[in-house]
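Below is one structure; the comments refer to it alone.
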Amino acid sequence: MSRLVVISNRVAVPKARGAAGAQGGLAGALNSALKKHGGIWFGWSGQESEDRTGNINLQRNDGVTIATIDLSHRDVDEYYNGYANSTLWPLFHYRLDLTEYERETGKGYERVNERFAECVQPLIEPDDLVWVHDYHLLPLGDRLRARGLKNRIGFFLHIPWPPTRLFVSLPFHERLVKTMLAYDVIGFQTQEWLESFLHYCTKELGAKVDEASGKVICDGREVLAKAYPIGIDWDHFQAQRDTGEARQAAQRLLSSTRYRTAMIGVDRLDYSKGLPERIDGIGRFFDQNPERVRDLVYIQIAPPSREDVQSYQHIRNVLEQKTGQINGARSEVDLVPIRYVNRGYSHAELYGFFRASKIGLVTPLRDGMNLVAKEYVAAQEPEDPGVLILSRFAGAAAQLPDAVLVNPHSPDDLSHAIRIALDMPLEERKRRYEAMIATVRDDNVQNWTERFTRDLAGTKQARG
Ligand code: ADQ
């Protein structure tokens with residue numbers, strides 16, 4: 001079996017002791033795939049330093065090598081905060097209004113991708129499978145090929161691929177996508193993002209798509225482009241159920257929301273997650289159903305992210321203001337309708353909170369997949385499951401059509417969905433839960449890793 005080399009912006013270093021099973025989600029799955037294949041996980045350490053000697057920090061753990069490099073302050077500013085998070089992230093989430101096009105940050109992005117290639121190349125052996133992750137590293141495969149690497153190289157995009165009409169607003173879009181043709185396999189979360197990518201390749205690059213094999217044929221190259229919907233680490237998440245931490249978390253929430261239905265939202269504080277729109281929807285529900293204000297408590301867990309980027313500071317202010325307005329108008333001595341918690345929690349605690357909440361509200365304006373939706377379903381009590389309200393614009397909606405699907409831009413739609421969820425009879429809750437749980441269990445992150453690496457291993461090696 002070939003070794004695996006995973007390359008992503010950040011790496012998740014396993015906890016030193018008892019790492020197996022201690023870590024969930026994508027990080028846990030990639031670490032277990034790495035353990036199985038043996039191999040390396042390479043990325044940025046998260047640290048800034050001006051040292052350009054090309055030092056790589058190496059750490060070995062259970063047959064897996066974690067290799068990281070530091071970046072300079074300028075690199076972080078231009079590549080990470082700049083091009084990746086102020087250009088590609090908003091553009092790929094359909095937010096042209098927030099997208100910044102700066103020549104300097106584009107150059108910084110190319111420079112850091114070149115630096116990644118330069119540093120990781122000596123660590124790669126001829127038979128290794130190389131798996132590059134996400135929008136930070138779109139041109140990395142091309143940079144590795146330019147250095148003569150003939151290995152099989154795959155790429156997975158965790159976020160949406162935007163429609164061609166939006167994507168062409170990116171200066172040098174053609175150059176960027178042509179670099180992606182250096183990969184052997186390109187994976188997307190859903191059929192919709194895959195179709196947008198194929199549309200771009202055929203319309204803008206004149207590529208041919210072979211329907212039978214799923215290959216994009218362009219400039220003498222053949223690339224397999226396919227949807228691989230990501231899932232949760234089912235076993236790890238289920239293992240949380242019997243932990244004291246999960247039970248205590250559920251108990252805390254239940255005892256503080258007695259006689260009321262707890263509705264929960266858990267998100268990174270990011271404008272793609274539709275948080276202000278969600279609060280507007282909840283406000284509309286209270287306006288339209290004043291007699292039910294006492295029936296519902298909404299808990300929003302949203303730790304800050306990417307605080308160095310201006311649009312992220314803005315979203316935090318907007319959210320605090322909207323929450324404050326509703327609480328100001330609707331609170332009673334014994335009731336605060338919205339609890340906004342500005343911090344993260346462990347997976348065990350989240351499990352407990354999800355289980356104790358009879359409604360899960362997941363309403364991104366646009367999302368590659370959204371694992372919170374799947375975690376919410378996974379944490380439900382089968383005999384008395386809660387209701388998932390899910391944005392039709394999340395990748396997860398394609399996999400979970402039995403959720404209550406909503407348009408997150410419409411406060412009326414959200415308000416209506418909350419009312420339906422509050423009043424949904426047990427029989428219907430069970431029917432919807434049973435339809436969703438099989439997908440959440442079977443399309444788990446281990447199967448996702450397996451499907452991708454199997455396809456990558458199946459492609460022909462040695463390209464020119
Ligand atoms: P994110 O946008 O970060 O990731 P999402 O799928 O919503 O992704 O959540 C990822 C993980 O973070 C989940 O396991 C969740 O429990 C955890 N998390 C989120 N908010 C949290 C909070 N407040 N406290 C604690 N934990 C929290 C990107 C894409 C997604 C895609 C993932 C995986 O944007 O569309 O699903 O990658 O491919």
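All values reported here derive from a predicted model rather than from experimental measurement. Both counts, for ligands and for their atoms, begin at 1 and track the order of listing.
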Less than 3.5 Å apart, any donor N or O on the side chain of E48 or H73 sitting next to an acceptor on the other?
yes
For ligand 1, which atoms have a heavy atom of G368 less than 4.0 angstrom away?
35 (O)
Sub-4.0 Å heavy-atom approach of W89 to ligand 1:
yes
Would you tell me which option among Y345, Y135, Y376 has the nearest heavy-atom contact to atom 25 (C) of ligand 1?
Y345
Nearest non-hydrogen contact to atom 23 (N) of ligand 1 from the set S272, P229, P303 belongs to P303
For R268, the ligand 1 atoms with a heavy-atom partner under 4.0 Å come out as 1 (P), 2 (O), 3 (O), 20 (N)
Classify the ring geometry between H133 and W448 as parallel (under 30°), tilted (30 to 60°) or perpendicular (over 60°).
tilted
On a heavy-atom basis, which atom in N113 and which in Y79 lie closest, and how many Å separate them?
ND2-CE1, 4.4 Å
Between K358 and D384, does any side-chain N to carboxylate O distance fall below 4.0 Å?
yes
Checking side-chain polar atoms at under 3.5 Å, does N57 have a donor or acceptor matched by the opposite partner on T68?
yes
Judging by distance only, is a nitrogen or oxygen of G344 under 3.5 angstrom from one on ligand 1?
no
Please could you name the atoms of ligand 1 that V266 approaches to less than 4.0 Å, counting only its heavy atoms?
20 (N), 21 (C), 22 (C), 23 (N)
A student checking ligand 1 against V372 at a 4.0 Å heavy-atom cut-off should list atoms 7 (O), 15 (C)
Determine whether the side chain, the backbone, both or neither of I230 has a heavy atom under 4.0 Å from any heavy atom of ligand 1.
side chain
Where do W44 and D75 land on the side-chain hydrogen bond (donor to acceptor under 3.5 Å, both in side chains) test, with the steps shown first?
CA-CA 11 Å; W44 171 35; D75 285 344; over 6 Å; no
When you check the side-chain N and O atoms of Y433 and R429, is any donor under 3.5 Å from an acceptor?
no
Donor + acceptor pair across side chains of T323, R339 (<3.5 Å)
no
Flag the pair D128 and R152 as a salt bridge only when some basic side-chain nitrogen lies within less than 4.0 angstrom of an acidic carboxylate oxygen.
no
Heavy atoms only: which of H133, R343, H158 lies closest to atom 28 (C) of ligand 1?
H158
For ligand 1, does D267 get within less than 4.0 Å through its side chain, its backbone, both, or neither, judged by non-hydrogen atoms?
backbone
The atoms of ligand 1 lying under 4.0 Å from a heavy atom of L350, numbered in the order shown, are 16 (O), 25 (C), 26 (N)
Ligand 1 and H93, any nitrogen or oxygen pair closer than 3.5 angstrom?
no
Does the N or O separation between A302 and ligand 1 drop below 3.5 Å for any pair?
no
Out of E375, K273, Q189, who gets a non-hydrogen atom closest to atom 7 (O) of ligand 1?
K273
Are a donor atom and an acceptor atom from the side chains of S8 and W41 found within less than 3.5 Å of each other?
yes
Which of the atoms in ligand 1, numbered in the order shown and given with their element, are less than 4.0 Å from a heavy-atom of I301?
23 (N)
